[in-house]
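Here's the structure we're looking at; comments come further down.
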Protein chains: 2
Amino acid sequence: MKDKKISLKDIAQQAGVSTALVSYVLNGKEKESRVGKEIAAKIKEIAKELNYQPNHLAKSLRSGKTHTIGLIIADISNPFFANIARIVEDEAKKHNYTVIIGSSDEKAANSWDLINVMINRQVDGFIIVSAENSEEQVQYLKERNLPFVLLDRHFPELHTDYVSINNNKAAYDAGTHLIKNGYKSIGLLAYKSNLFHMQERIRGYQQALKENDIKPQKSWLKEVNFINIEKEVRASIDQMIAGKNPVDAMIFATYSLAVNGLKYLNELNLKVPTDIGIVSFGQGDTFDLYYCPITYLHQPMNDLGRTAVEFLVKKLQNPEEGIKQVLMEAKLMTRESSQVKESS
Amino acid sequence: MKDKKISLKDIAQQAGVSTALVSYVLNGKEKESRVGKEIAAKIKEIAKELNYQPNHLAKSLRSGKTHTIGLIIADISNPFFANIARIVEDEAKKHNYTVIIGSSDEKAANSWDLINVMINRQVDGFIIVSAENSEEQVQYLKERNLPFVLLDRHFPELHTDYVSINNNKAAYDAGTHLIKNGYKSIGLLAYKSNLFHMQERIRGYQQALKENDIKPQKSWLKEVNFINIEKEVRASIDQMIAGKNPVDAMIFATYSLAVNGLKYLNELNLKVPTDIGIVSFGQGDTFDLYYCPITYLHQPMNDLGRTAVEFLVKKLQNPEEGIKQVLMEAKLMTRESSQVKESS
DNA sequence: TTTTGATGTTTAAACGATTAAACTTATGTT
DNA sequence: AACATAAGTTTAATCGTTTAAACATCAAAA
């Protein structure tokens, strides 16, 4: 059983025919190529017997198609993206595509590298959760005519395929919900980023305040850097709860901000929701297991991932396919962390 | 800027030489192959100018090496494995390898599929977190002489490379720790599995009881099926806390068991650690954010992943390399969930 | 009997890179 | 002048597959 690699040639030899016939038969082109019936049967049998596995490299080299999708996500350690990755993988498999995953860790330079690695691994197309300041990369893919779909984040000034969330609406909903439940001083902890989705969250939050005639305070809106998030989250929360206009509720703009924030609130011995109401973007076990279940915005990950793959596969099958853009709605899952505030 | 794919031939044409020279120069073999200095310079310049990216498929087809590692993990939705995957990826990148990841979801059939897919994608070698009953797959790889390293789980009866944890010791430590802290009736919630690592955890737990003259009760040791874990965890816990010998502490044999278990304890309104002490395998944010920080066994993920890659790469570079096996120690991280029991 | 058509099979180029071997000049040695 | 050696470059095979085109064989039609 020390089988060496079996190639078309081996089968051809055993069957006493040329490799062309074997190729035809094994690709189900017996009809079009009028291969003799007995020969065809014989070839199939030998192939099975030798457990022939075609060499993908050779196939791809010939066809120019690798049936591989390059998935670049912003941060693999974030369960939201990890899940998305998994969904994309599963969905791609259904369409007979393999996925190569890479994480840019939110750095544009890294995603450049990944794009190049993937290009010369000959991926057929890309699905990308863009890092900040990576517009030129998207532009580059467009110019080289490489098929891609942006996922979860997009650049409104670029005309590309994308599948994302209506973040403005989501943040607006979060804010409105808290206000309705009696919270009056609502903070937002976001990432410092010029990415559109983050800006939209900020705008949605601001609009919720405005429409309810709440005067926004500078100390309520904090933006922290992705790197050394831990320290900055602490500092930001300190500022939000200090001063003469402390917040009585806060919105976390991402899951990782929430995890860090909740840890710190624990340390400060602030009780949710009595001391401070909470709504967060993202989702994870943590939100269920926190002593007080956290209200969060449920992003339809399955739909996001599935649709992104679908768009890309369609485009791969027919490059003339037009540009497709979707904004999906996040759904507010109301839990105890934002329950109606007892009038104090 | 609508550059089509650039090949060696294109460069050769521009430079007015044969592809051979271009290949030599671009692979740094100018010296051995005595390429003219000016020509070499010219070739390099043209290559840069055209932004030449070698075609990996062609390279691999020729060399028989893809510089790709196939990583098969048991369950990508488990953060422990997701993290391991990430570490393996990073480490592989350092050695200039790309990683293809697949999740078997703990099913042997799936991992067979993955192995086949990866084989005909011509991976150079495998790193595998084995699913139950996949011994024959490991055997198969051995027979076909395909390089691989088992990670986190291994089969003691098979003579293979592996990097795992000393699970016996870890479970023993967990049990002993609880006993020392005054708990008397200690349960273990494990997976129903004949995988060695799980059996070892059970044995370690049992030995801890035995050495402390605690008579093990049948209702204390529960094994649940991976599929519909949620229901079975509930049922198991119900049984553990019922009867005339209810547990006053329990050990979760994996992270996912812990997440499900803790959720249920919440629902039951059982307080940790007063009503029930907890120690768990695995790690994750949840353990920090639970109202009572959870004592857990810290598995050296970085070392595990790094070492697995290292073993594999060594073997790829020198197939004669001998079999390497390592058992690493898990470290008990003591937190409040297992603190000294107040005498009641 | 030649032609036409259908049927079945092989040949050979192509995909892009690597590399041993062959070839061509030029230079130095006797 | 004759030859050996060095320096620089090209040729061609190879990896495993696909596929258009060429080729061969035979039966039926003209």
Side-chain angles (χ1 to χ4, degrees), chain A residues 3-44 46-47 50-68 119-124, chain B residues 3-44 46-47 50-68 96 116 119-124:
Chain A
D3 21 350
K4 203 72 227 109
K5 270 275 120 123
I6 303 296
S7 74
L8 281 192
K9 223 204 249 170
D10 299 316
I11 300 181
Q13 237 144 31
Q14 281 237 4
V17 297
S18 72
T19 61
L21 276 200
V22 181
S23 173
Y24 289 136
V25 171
L26 264 28
N27 286 300
K29 306 209 170 149
E30 328 168 26
K31 289 278 147 55
E32 301 98 297
S33 321
R34 307 163 294 181
V35 179
K37 276 198 170 182
E38 317 89 68
I39 291 281
K42 191 173 177 188
I43 288 174
K44 280 181 190 163
I46 295 178
L50 297 183
N51 184 30
Y52 168 71
Q53 304 277 139
N55 183 323
H56 251 266
L57 295 173
K59 264 184 137 99
S60 297
L61 180 56
R62 183 83 218 299
S63 67
K65 299 270 153 274
T66 53
H67 259 248
T68 302
I119 284 179
N120 76 345
R121 290 245 163 193
Q122 321 292 130
V123 299
D124 291 344
Chain B
D3 20 348
K4 203 73 227 108
K5 273 270 116 127
I6 302 298
S7 74
L8 280 193
K9 221 204 248 174
D10 299 317
I11 300 180
Q13 237 145 30
Q14 281 238 4
V17 297
S18 72
T19 61
L21 276 200
V22 181
S23 173
Y24 288 137
V25 171
L26 263 28
N27 286 299
K29 307 208 171 149
E30 327 168 28
K31 288 279 149 54
E32 301 98 297
S33 320
R34 306 164 295 180
V35 180
K37 275 198 170 181
E38 316 90 68
I39 290 281
K42 190 173 178 189
I43 288 175
K44 280 182 190 160
I46 295 177
L50 298 183
N51 184 32
Y52 168 71
Q53 304 277 137
N55 183 324
H56 250 266
L57 295 174
K59 265 184 135 99
S60 297
L61 181 58
R62 182 89 216 300
S63 66
K65 299 269 152 271
T66 53
H67 258 247
T68 301
N96 261 312
N116 280 320
I119 284 179
N120 76 344
R121 290 246 163 192
Q122 322 291 129
V123 298
D124 290 345

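Proteins come first, then strands; the chains are lettered A, B, ... in the order of their sequence lines, and each starts at number 1.
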> Would you find a donor on one side and an acceptor on the other, under 3.5 Å apart, between the side chain of Ser23(B) and the backbone of Thr19(B)?
Replying inline: no

>> Would you say that Arg121(B) contacts Thr68(A) through its side chain, given a criterion of any heavy-atom pair below 4.5 Å between the two side chains?
In response: yes

>> With a 4.0 Å cutoff (strictly under), does any side-chain N or O of Tyr52(B) reach OP1 or OP2 of dA17(C)?
In response: yes

> Counting any heavy atom closer than 4.0 Å, what does Ser23(B) reach on the DNA or RNA strands: base, sugar-phosphate only, or nothing?
Replying inline: base

>> Tell me the interatomic distance from Gln13(A), atom CD, to dT10(C), atom P, rounded to whole angstroms.
In response: 13 Å

> In whole angstrom, what separates Lys31(B)'s NZ from dA6(D)'s C1'?
Replying inline: 17 Å

>> Below the 4.0 Å mark, does dT19(D) have OP1 or OP2 next to a side-chain nitrogen or oxygen of Lys29(A)?
In response: yes

> Has the side chain of Ser33(A) got a donor or acceptor atom that lies under 3.5 Å from a matching backbone atom of Tyr24(A)?
Replying inline: no

>> Using OP1 and OP2 only, check whether a side-chain N or O of Lys59(B) sits under 4.0 Å from dG16(C).
In response: no

>> Within the structure provided, determine whether Lys44(A) and Val25(A) are in side-chain contact (heavy-atom separation under 4.5 Å).
In response: yes

> Where do Gln53(B) and Ile6(B) land on the side chain to side chain contact (heavy atoms under 4.5 Å, CB included) test, with the steps shown first?
Replying inline: CA-CA 7 Å; Gln53(B) 304 277 137; Ile6(B) 302 298; over 6 Å; no

>> I need the CG-C1' distance between Leu57(B) and dT18(C), as an integer number of Å.
In response: 15 Å

> To the nearest angstrom, how far is Gln122(B) atom CD from dT17(D) atom C1'?
Replying inline: 12 Å

> Val22(B) versus Ile46(B): any side-chain heavy-atom pair under 4.5 Å?
Replying inline: no

>> How many whole angstroms separate atom NZ of Lys65(A) from atom P of dC15(C)?
In response: 15 Å

>> Using whole Å, what does the distance between atom P of nucleotide dT18(D) and atom CG of Leu26(A) come to?
In response: 8 Å

Give every pair of a protein N or O atom and an N or O atom of nucleotides 10-15 of chain D that lie under 3.5 Å apart, one pair per line with the distance.
| from | atom 1 | to | atom 2 | distance (Å) |
| --- | --- | --- | --- | --- |
| dT10(D) | OP2 | Ser18(B) | N | 2.9 |
| dT10(D) | OP2 | Ser18(B) | OG | 3.2 |
| dT14(D) | O2 | Arg62(B) | NE | 2.6 |

Between protein and nucleotides 4-8 of chain C, what N or O pairs are separated by less than 3.5 Å?
none

> Within the side chain of Ser63(B), is there an N or O that forms a donor-acceptor pair under 3.5 Å with the backbone of Lys65(B)?
Replying inline: yes

> For the pair made of CD1 in Ile43(B) and C1' in dT9(D), what is the distance, rounded to whole Å?
Replying inline: 10 Å

> Okay, side chain of Asn55(B), backbone of Leu57(B): is any donor-acceptor separation there less than 3.5 Å?
Replying inline: yes

> For the pair made of CG in Asn120(A) and P in dG16(C), what is the distance, rounded to whole Å?
Replying inline: 14 Å

> Should Asn27(A) and Lys59(A) be marked as a side chain to side chain contact (heavy atoms under 4.5 Å, CB included) after you check the CA-CA gap, both sets of side-chain angles, and the distance that decides it?
Replying inline: CA-CA 12 Å; Asn27(A) 286 300; Lys59(A) 264 184 137 99; 4.1 Å; yes

